[in-house]
Protein chains: 2
Amino acid sequence: MIKTPDPPRPTDAELDILAVVWSRGPSTVRDVHDAIRRRKPAQYTTILKLMQIMAEKGLLRRDESERAHVYEPCRTKEWTRRQLAGDLLERAFGGSQANFVLGALSARKASRAELDEIRQLLDEYEKGTR
Amino acid sequence: MIKTPDPPRPTDAELDILAVVWSRGPSTVRDVHDAIRRRKPAQYTTILKLMQIMAEKGLLRRDESERAHVYEPCRTKEWTRRQLAGDLLERAFGGSQANFVLGALSARKASRAELDEIRQLLDEYEKGTR
DNA sequence: TTGACACGACGAAGACGTTCGTAGTAAAGT
DNA sequence: ACTTTACTACGAACGTCTTCGTCGTGTCAA
């Protein structure tokens, strides 16, 4: 059984691309380029090169059966988010989840609905680990 | 009134140094080097260079009145954590604080005490914004 | 068939991050 | 006085990230 090694933490530009693929599903370079272009100027070949590198790194996998290759993430959104959150949690928050949450709340004002959502999430989490 | 521009996001190596200064308070290069050395091999001049660069960037400020310069953060731990959390929140979690919290919880099992701490934090947060 | 177009491959440049060796200098010990 | 030690400063090397231009090739329409 082949154990694919964990891909490295995505860089900033790579995360932008992942965000597009997460929301769009399997995408071509053109799809991603069009999406990113809406928010900031970017050359097509820049996105292409990045996605090729991401495929090498194991962040994306690609289907070459069509002329325009179709890319999708190797790892789920949840897996990658967990890695990123865990990394920041350890490195900047000393592993304190409470401080981590406080960081998120102080970064941006949370709505009432959002707070309720978090509370519900905590309840379910506790239920699951009990 | 002079408005010092926000310093850039600290890099990985820079965050290691900030973590030391956060826990130790104002420190010399030697202090930081000794602390970091305990966890991984590092040359003294590597730490020195990094801290000099951090001072240029506005991440650290230094007091040169003593022979061994004393460094301290320009921004509070809380400010920097807020920046880092906010950055990751937007870029990897689409701004969803609930998903952000879920990421933290799934990265590492939370103890009962930690969950309670988070709940209390939510209550106080809501009280403060009401 | 030929021209316009879309696509992937590739190389290279420039910025940045990280590491370390060397040099210069002041202080402290012998 | 002289040597050793503890600092800072600096430059250089190396890798990584990001960006872009160019090339070759396949596709489609006139």
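Each chain gets a letter, A, B and so on, in the order the sequences are listed, and its residues count up from 1.
Within residues 41-49 of chain A, the residues that place at least one heavy atom under 4.0 Å from DNA chain C are, in residue-number order, A:Y44, A:T45, A:L48, A:K49. Within residues 18-40 of chain B, no residue is approached by DNA chain C to less than 4.0 Å at the level of any non-hydrogen atom.
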Tabulate below the donor-acceptor pairs under 3.5 Å that side-chain atoms of residues 78-85 of chain B make, not counting sequence neighbours, or state none.
unit_1: B:T80; atom_1: OG1; unit_2: B:T76; atom_2: O; d: 3.3
unit_1: B:R81; atom_1: NE; unit_2: A:A92; atom_2: O; d: 2.8
unit_1: B:R81; atom_1: NH2; unit_2: A:A92; atom_2: O; d: 3.4

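For B:E66, the side-chain hydrogen bond (donor to acceptor under 3.5 Å, both in side chains) criterion is met by no residue, not counting sequence neighbours. Every residue meeting the side-chain contact (heavy atoms from CB on, under 4.5 Å) condition with B:P8, not counting sequence neighbours, appears here in chain and number order: B:K57. For B:H69, the ring-ring contact (aromatic ring centres under 6.0 Å, His included) criterion is met by no residue, not counting sequence neighbours. Partners of A:V21 by side-chain contact (heavy atoms from CB on, under 4.5 Å), not counting sequence neighbours, listed by chain and number: A:I17, A:V32, A:P73.
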Might you list the N or O atoms of the protein lying below 3.5 Å from N or O atoms in nucleotides 14-16 of chain D, with each pair's distance?
none

Point to revise | Contact state string [nucleotides 23-30 of chain D, B base, S sugar-phosphate only, - no protein heavy atom under 4.0 Å] | key: ---BS---
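Contacts classified as ring pair (Phe, Tyr, Trp, His ring centres under 6.0 Å) and involving residues 93-116 of chain A (residues at least two apart or in different chains) are given here: A:F93-A:F100, A:F100-B:F100. For residues 38-55 of chain B, every residue pair satisfying the side chain to side chain donor-acceptor pair (under 3.5 Å) rule, not counting sequence neighbours, is listed here: B:D16-B:K40.
Contact footprint of chain A on DNA chain C: nucleotides with an atom under 4.0 Å from a non-hydrogen protein atom, first to last in 5' to 3' order, C:dA6 to C:dA12.
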